[in-house]
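Heads up, the thing below is written out as structure tokens.
What you see is a predicted model, and the numbers here were worked out from it, not measured in a lab.
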Amino acid sequence: MPRDYLFHAGEATVLAQDGQFTDAMPEILIGRTDGPVGQAFANMMAQSKGHTAMFVIRACNQLVRPATIMVPKVTLKDSANIELFGGVVQSATADAVVDCLIENVIPRELANELCIVSLVWIDPRCAQDPNLDKRDMYRTNYEATKLAIQRALNNEPSVEELIANRHTIKHDMDDWS
């Protein structure tokens, strides 16, 4: 079935190495710039205190394609967390998007017609951790972003998988059922 690329949502979690707080849990929207994801993308350009959106760049003057915007899931209260968000996490996200183009997960011919909104988790403990492993933070965010994009564009998990696992898979934080 051909994809319409109107609205695709995906998420992924990649866990940190032992002793780190660098778990990555991006939530991704991918869609056409002239559709609902494009509208959401444009609306994200308005600043919101503590949840400032930023374009994903690989380096100065190297905005990724599809245009991607990152928004933190938690309030960034200090320069250390802002630096992690705009440094390690932005770099990992940028590389994941470009590698999805290279691997044709995202069709190159649609790179300028699609946009991505990425909600990003940074554990507030990271900035205060004297043993923070930025390479692990990069790894988790890179792997999780790539996986979330793949899942979004493949509509995963499928409805069938969700139904089949309804009573066997429990929420990771607690089981309320």
Side-chain angles (χ1 to χ4, degrees), residues 1-44 48 50-51 53 56 64 66-76 84-85 88-90 92-107 110 113-126 133 136-177:
M1 179 168 103
R3 296 185 185 133
D4 62 8
Y5 296 99
L6 184 64
F7 184 99
H8 292 272
E11 60 78 35
T13 298
V14 173
L15 300 176
Q17 66 185 355
D18 286 342
Q20 293 293 308
F21 304 109
T22 57
D23 296 346
M25 306 166 199
E27 297 165 356
I28 299 283
L29 283 180
I30 301 175
R32 292 191 170 277
T33 56
D34 60 352
V37 178
Q39 184 67 44
F41 184 97
N43 289 339
M44 295 259 167
S48 173
H51 291 271
V56 175
V64 299
T68 302
I69 197 166
M70 293 186 342
V71 181
K73 293 184 195 180
V74 297
T75 302
L76 301 179
L84 290 172
F85 180 70
V88 178
V89 176
Q90 184 183 48
T93 302
D95 288 348
V97 171
V98 173
D99 285 350
C100 282
L101 278 174
I102 291 167
E103 297 166 16
N104 208 35
V105 172
I106 301 170
L110 295 178
E113 297 175 33
L114 299 175
C115 60
I116 299 173
V117 175
S118 179
L119 304 179
V120 179
W121 165 255
I122 295 180
D123 189 315
R125 296 175 290 184
C126 285
D133 184 343
D136 193 57
M137 183 176 233
Y138 175 93
R139 177 192 64 82
T140 59
N141 281 277
Y142 172 83
E143 290 176 8
T145 301
K146 264 186 84 175
L147 185 54
I149 291 169
Q150 291 167 345
R151 287 179 173 166
L153 293 177
N154 290 326
N155 296 315
E156 295 173 351
S158 69
V159 171
E160 293 77 18
E161 181 181 347
L162 289 168
I163 292 169
N165 292 328
R166 166 61 180 90
H167 294 287
T168 58
I169 294 178
K170 305 296 181 186
H171 192 278
D172 294 325
M173 298 302 287
D174 202 354
D175 177 17
W176 297 278
S177 57

Among all residues two or more places apart in sequence or in another chain, which pass the salt bridge (charged side-chain N to carboxylate O under 4.0 Å, His left out) test with [X]?
| X | result |
| --- | --- |
| Glu113 | Arg32 |
| Glu103 | Lys146 |
| Arg151 | none |

Nearest 0.5 angstrom please: [X] [atom1] to [Y] [atom2], how far?
| X | Y | atom1 | atom2 | result |
| --- | --- | --- | --- | --- |
| Thr140 | Met25 | OG1 | CE | 9.0 Å |
| Ile69 | Met44 | CD1 | CE | 7.0 Å |
| Leu29 | Thr68 | CG | OG1 | 11.5 Å |
| Ile116 | Thr145 | CD1 | OG1 | 9.5 Å |
| Asp123 | Met137 | CG | CE | 8.0 Å |
| Asp34 | Leu114 | CG | CG | 9.5 Å |

Could you check if a side-chain atom of [X] sits within less than 4.5 angstrom of a side-chain atom of [Y], using non-hydrogen atoms only?
| X | Y | value |
| --- | --- | --- |
| Arg166 | Ile163 | no |
| Pro66 | Leu110 | no |
| Phe41 | Thr33 | no |
| Glu11 | Leu119 | no |
| Ile106 | Leu153 | yes |

Which atom pair, heavy atoms only, marks the closest approach of [X] to [Y]?
| X | Y | answer |
| --- | --- | --- |
| Ala148 | Pro26 | CB-O, 4.1 Å |
| Pro157 | Glu161 | CB-OE1, 3.5 Å |
| Leu15 | Arg139 | O-NH2, 3.0 Å |
| Thr22 | Cys126 | CG2-SG, 4.1 Å |
| Phe7 | Val37 | CD1-CG2, 3.6 Å |
| Gln20 | Asp133 | OE1-N, 2.8 Å |

Point to revise | Test item: Asn154 side-chain N/O and Glu156 main-chain N/O as donor-acceptor pair under 3.5 Å | key: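 No, the answer is negative, given that no donor and acceptor are paired below the 3.5 Å cut-off.
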
Exercise for review: For the pair Val120 and Asn141, evaluate side-chain contact (heavy atoms from CB on, under 4.5 Å) and give the outcome as yes or no after the intermediate values.
Suggested key: CA-CA 9 Å; Val120 179; Asn141 281 277; 4.0 Å; yes

